[in-house]
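Step one of this worksheet: look at the structure below.
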Amino acid sequence: MTILAIPNDLQHPRLGTAISIKVSGNAVQRNRIKRLVRESFRQHQDLLGGRDLVVLVRPGIRSRSNQQLLSALDTHWRTIAAHAHTGSDSH
RNA sequence: GAAGUCGGCCGGGCAGCCGCUGUGACGCAAGUCACGGAGGAAAGUCCGGGCUCCACAGGGCAGGGUGCCAGGUAACGCCUGGGGGGCGCGAGCCUACGGAAAGUGCCACAGAAAAUAUACCGCCUGUGUCCGCACAGGUAAGGGUGAAAUGGUGCGGUAAGAGCGCACCGCGCGGCUGGUAACAGCCGUGGCAGGGUAAACCCCACCCGGAGCAAGACCAAAUAGGGGAGCACUGGCGUGGCCCGCGCUGCUCCCGGGUAGGUCGCUUGAGGUGCGCGGCGACGCGUGGCCCAGAUGAAUGGCUGUCCACGACAGAACCCGGCUUACAGGCCGGCUUCCUCU
């Protein structure tokens with residue numbers, strides 16, 4: 001997956017997800033990924049500050065377990081938080 | 001007990017913590033509490049209807065759909081019951097099942113011939129003969145080809161044969177009986193009409209306006225533009241040689257359209273259910289009690305523990321009725337056939 005980040009003028013982060021039909025033709029699978037991203041975002045939002053974030057997902061993600069996805073997201077959030085002073089960035 | 005067939009149902013459970021969302025109560029608010037929160041297919045979007053907006057005198061044509069009969073329904077391409085045909089020992093299953101003597105078209109290959117009919121091998125008669133057969137005529141029983149070849153079986157008949165004649169079956173026509181009907185049975189009659197294909201054109205009967213909740217309605221910034229009234233100047237600019245005229249231009253107020261955004265539509269409905277009644281049934285009627293998702297970047301999730309049979313297909317988006325397709329595993333009941341025991 002790819003996470004895009006850009007500073008916003010608010011005191012809190014905002015999340016968007018882009019999970020296309022190419023990721024999976026099955027709506028239940030797409031919902032599962034979106035909910036995982038959202039849950040992980042909820043747990044890390046204090047870390048992220050005033051940013052707008054978009055999570056882009058590619059087809060390979062289908063085969064990963066919840067555990068794998070959550071730990072990957074955790075790594076991403078920490079990388080973004082570490083770049084606190086560099087402004088717009090892609091991870 | 002085995003095999004089968006039909007119908008119905010379930011689709012991980014429990015607990016803890018952290019979340020999301022709707023409604024209600026409380027609160028100035030932040031929020032707190034209570035209750036609710038995906039499916040049998042929510043799927044495909046293939047039919048039917050409601051609802052909304054648009055169009056519309058009536059009729060016809062075109063186009064599309066449906067196609068045995070009766071019933072159910074808001075309606076249907078759905079369902080129920082019945083009839084015909086096919087398959088199965090049976091329970092049961094399948095069935096586009098109107099018309100081919102209204103017309104037109106098509107029928108590969110093989111075959112003599114695929115629909116105007118016709119004769120390859122045969123069979124029979126006659127004539128000729130070099131005794132191998134040839135020619136003329138009759139015939140369509142047999143062989144061969146094909147998915148399909150001018151009704152089937154038997155007897156008579158004949159040179160050989162042929163519905164040529166007869167009996168039975170089949171088919172057409174007429175009548176009678178039963179049935180609401182489809183249709184069935186029986187009686188009489190005709191020696192037989194004459195291939196298939198109508199999910200080929202077509203004919204017949206019946207049905208059908210279009211678009212869809214991003215429908216549609218309401219509230220309504222900023223910016224730009226439009227309309228009206230008043231005031232000011234009796235100004236300025238353009239057109240023109242000039243006057244008139246025409247167009248543009250200032251300020252204030254009012255008006256409507258409408259974008260972003262918001263609200264409604266939005267879930268009480270041809271709703272579901274207990275009982276009673278009517279009906280073989282689909283279903284209908286009466287009555288009691290029930291409220292059962294309503295989001296809008298779009299909620300129904302995450303983590304942990306535990307148990308087991310280790311969890312399939314799959315995510316509401318205006319709402320219903322169907323159809324079709326996908327589905328790990330499991331449960332219940334009716335019926336059929338076979339085997340065994342009593």
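Throughout, protein chains are lettered first and strands after them, A, B, ... in sequence-line order, and every chain is numbered starting at 1. Both backbone and side-chain heavy atoms feed into the values below; hydrogens, waters and symmetry mates do not. Because the structure is a prediction, the values reported are computed rather than measured.
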request  = Can you sort out the partners of A/Arg42 under salt bridge (charged side-chain N to carboxylate O under 4.0 Å, His left out), two or more places apart, ordered by chain and number?
outcome  = A/Glu39

note = The nucleotide from B/A314, B/A38, B/U304 with an atom nearest the side chain of A/Val28 is B/A314

message = Does a side-chain N or O of A/Lys34 approach OP1 or OP2 of B/G315 to a distance below 4.0 Å, or not?
response = no

request  = Considering only atom C1', compute the distance from B/C285 to B/G40 and round it to an integer number of Å.
outcome  = 31 Å

key: Short side-chain N/O contact from A/Arg32 to OP1 or OP2 of B/G301, under 4.0 Å   = no

Minimum heavy-atom distance A/Val57-A/Ile33, with the two atoms named = CG2-CG2, 4.2 Å

ask   = Relative to the 5' end of RNA chain B, which residue comes earlier, A/Leu36 or A/Asn31, by the nucleotide with the nearest heavy atom?
value = A/Leu36

N-glycosidic conformation, B/G163 - syn within 90 degrees of 0, else anti = syn

query = Going by a 90° cut-off around 0, is B/C124 syn or anti?
reply = anti

C1' gap between B/G194 and B/U150, integer Å = 6 Å

Nearest-angstrom distance, P atom, B/U197 to B/G64 = 24 Å

request  = Determine the interatomic distance between C1' on B/C187 and the same-named atom on B/U158; round to the nearest Å.
outcome  = 36 Å

key: Between P of B/C303 and CG of A/Leu73, the distance in whole Å   = 12 Å

request  = Grab the two heavy atoms, one from A/Phe41 and one from A/Arg14, that are nearest each other, plus how far apart they are.
outcome  = CZ-C, 4.1 Å

remark   = Contacts of A/Arg35 meeting salt bridge (charged side-chain N to carboxylate O under 4.0 Å, His left out) (sequence neighbours excluded), chain-then-number -> none

inquiry  = Using atom C1' in both nucleotides, what's the gap between B/G212 and B/A317 to the nearest angstrom?
reply    = 15 Å

ask   = Syn or anti for B/G98, taking syn as within 90° of 0?
value = anti

Nearest-Å distance once atom C1' is located in both B/A108 and B/G84 = 34 Å

remark   = Which of B/U304, B/G302, B/G301 is nearest the side chain of A/Leu70? It is B/G302

task = Considering only atom C1', compute the distance from B/C9 to B/G37 and round it to an integer number of Å.
result = 24 Å

message = From C-beta outward on A/Asn66, which listed nucleotide comes closest to its side chain: B/C303, B/G19, B/A38?
response = B/C303

ask   = If we take the C1' atom in both B/G60 and B/G209, what is their distance in whole Å?
value = 16 Å

